[in-house]
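For reference, the structure discussed in these notes is given below.
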Amino acid sequence: MSQLGYARYGKDNVRLYKVEKDAKTGVHTVIEQTVRILLEGDIETSYTKADNSVVVATDTQKQTTYILAKQHPISPPEQFAAVLGDHFINTYPHIHAAHVKIIQHRWTRLSVDGKPHPHSFYRDGEEIRVVESVTREGEGVSIRSKIEKLLVLKSTGSAFHGFHRDEYTRLPETWDRILSTEIEAGWQWKLFKSLEEVKKVDFNAAWQAARDITLDIFAKDDSASVQATMYKMCDEILAAVPLVEAVDYALPNKHYFEIDLSWHKGLKNTGKDATVFAPQSDPNGLIQCTVVRKGPKSKL
Ligand SMILES: O=c1[nH]c(=O)c2[nH]c(=O)[nH]c2[nH]1
């Protein structure tokens with residue numbers, strides 16, 4: 001009558017905190033992550049025959065996360081994701097693939113009396129660093145790194161004109177508008193054949209470059225559209241990180257509407273006189289793209 005089409009299972013929302021204490025200086029470094037593990041393999045009978053003998057319990061996966069976090073660095077998260085994936089496919093012969101997602105939360109060192117404090121940190125925004133990896137037996141590790149929830153706004157230096165017009169078009173052209181978005185940027189690494197290959201890569205430098213490029217272009221570009229600005233970001237990241245195969249962005253266009261206040265004593269608040277705006281929570285534009293290195297034309 002029926003058969004299992006696809007299955008994977010694991011532990012989600014494993015919260016992890018690790019501190020490194022420099023014995024000489026007394027300086028602590030802290031990392032907080034949220035980990036998801038999903039395993040694939042010869043696990044059909046656990047669904048179809050109530051056969052739990054093939055189940056590596058999700059609690060075991062959680063305990064393993066803690067143990068490997070103790071035995072290995074958990075930063076950069078790309079490498080820890082690969083360590084976890086490697087463990088599951090090499091420890092259990094019937095497990096053939098491990099999907100690992102790690103969200104790294106921000107703990108930024110506090111400055112106190114003008115000096116970096118040795119053991120105090122603060123959350124300087126909701127931005128997260130995300131890694132999604134798949135370790136597949138006999139193939140290697142596929143890794144995608146991401147920046148998410150980085151909220152930015154520029155109060156000028158953005159235009160939108162020359163767009164297609166027809167009888168459905170109401171939007172006026174603008175040469176000066178507010179541009180705000182919550183940055184979601186991803187970069188796909190070339191397939192790594194082994195954990196050893198992964199360990200040689202400077203993922204932190206790539207993350208820093210992607211973040212710097214994103215913010216630099218956001219601020220400096222005389223933006224013709226979200227589309228044109230995000231393409232420049234992708235292009236520069238591809239140039240800066242040779243091991244990256246593709247860069248993608250998903251940018252909501254968070255609109256700020258002008259408010260006509262002329263009904264009140266002729267108050268001027270439109271066009272070049274606009275200073276008070278109404279931020280919109282919805283709807284929002286959503287502009288996405290993936291940019292790859294030049295080669296045979298890909299489908300668009
Ligand atoms: O940068 C933009 N891209 C669009 O596609 C678009 N559409 C729209 O209404 N405003 C904007 N802005």
Side-chain angles (χ1 to χ4, degrees), residues 125-130 144-188 206-241 244-263 267-295 297-300:
E126 291 312 305
E127 178 191 353
I128 47 177
R129 176 172 171 179
V130 178
R144 185 167 131 79
S145 307
K146 290 183 84 184
I147 291 166
E148 287 184 30
K149 299 187 181 174
L150 174 55
L151 187 58
V152 292
L153 176 146
K154 65 195 287 187
S155 50
T156 188
S158 166
F160 188 59
H161 49 80
F163 49 88
H164 181 87
R165 298 201 80 85
D166 58 26
E167 70 270 33
Y168 297 101
T169 309
R170 186 156 189 224
L171 185 73
E173 296 185 298
T174 178
W175 279 258
D176 185 13
R177 66 173 181 175
I178 294 163
L179 183 58
S180 178
T181 189
E182 191 178 89
I183 287 160
E184 186 183 324
W187 50 103
Q188 175 68 46
W207 174 84
Q208 193 64 55
R211 192 172 186 275
D212 289 348
I213 288 166
T214 301
L215 295 177
D216 195 68
I217 291 180
F218 179 78
K220 291 182 189 160
D221 187 37
D222 217 348
S223 175
S225 64
V226 174
Q227 286 91 328
T229 298
M230 77 205 297
Y231 184 82
K232 291 180 186 174
M233 295 171 177
C234 294
D235 184 57
E236 274 207 26
I237 293 171
L238 282 171
V241 194
V244 162
E245 282 183 343
V247 180
D248 58 273
Y249 278 80
L251 300 181
N253 190 0
K254 298 169 87 66
H255 306 301
Y256 284 68
F257 285 177
E258 277 191 16
I259 313 167
D260 184 350
L261 296 176
S262 60
W263 57 272
L267 264 183
K268 288 187 174 148
N269 192 52
T270 56
K272 62 177 178 20
D273 297 314
T275 52
V276 174
F277 290 78
Q280 304 295 299
S281 39
D282 54 72
N284 56 270
L286 179 60
I287 319 292
Q288 303 182 331
C289 73
T290 301
V291 178
V292 297
R293 294 183 191 283
K294 255 210 173 96
K297 197 86 180 140
S298 61
K299 56 182 181 308
L300 240 194

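In each ligand, atom 1 is the first atom listed, and ligand 1 is the first ligand listed.
Annotation: side chain of L179 is in contact with side chain of N253 (closest heavy-atom distance under 4.5 Å). Contact of the D216 side chain with the E236 side chain is not registered, since no non-hydrogen atoms from C-beta on lie closer than 4.5 Å. Looking only at side-chain heavy atoms (C-beta outward), I183 and V152 come within less than 4.5 Å of each other. Using a 4.5 Å cut-off on side-chain heavy atoms (C-beta onward), V226 and Y249 make no contact. Residues L150 and R211 are in side-chain contact: their nearest non-hydrogen atoms beyond the backbone lie under 4.5 Å apart.
Per-residue contacts place S225 under 4.0 angstrom from the following atoms of ligand 1 (heavy atoms of the residue considered): 1 (O). Under a 4.0 Å criterion applied to the non-hydrogen atoms of V226, ligand 1 contributes the atoms 1 (O), 2 (C).
Within the 4.0 Å heavy-atom cutoff, H164 does not count among the residues contacting ligand 1.
Nearest protein heavy-atom contact of atom 11 (C) of ligand 1 is F160 CE2, 3.3 Å. Among all protein heavy atoms, the one lying closest to atom 9 (O) of ligand 1 is L171 CD2, 3.4 Å.
Among H161, Q227, R177, the residue whose heavy atom sits closest to atom 12 (N) of ligand 1 is R177.
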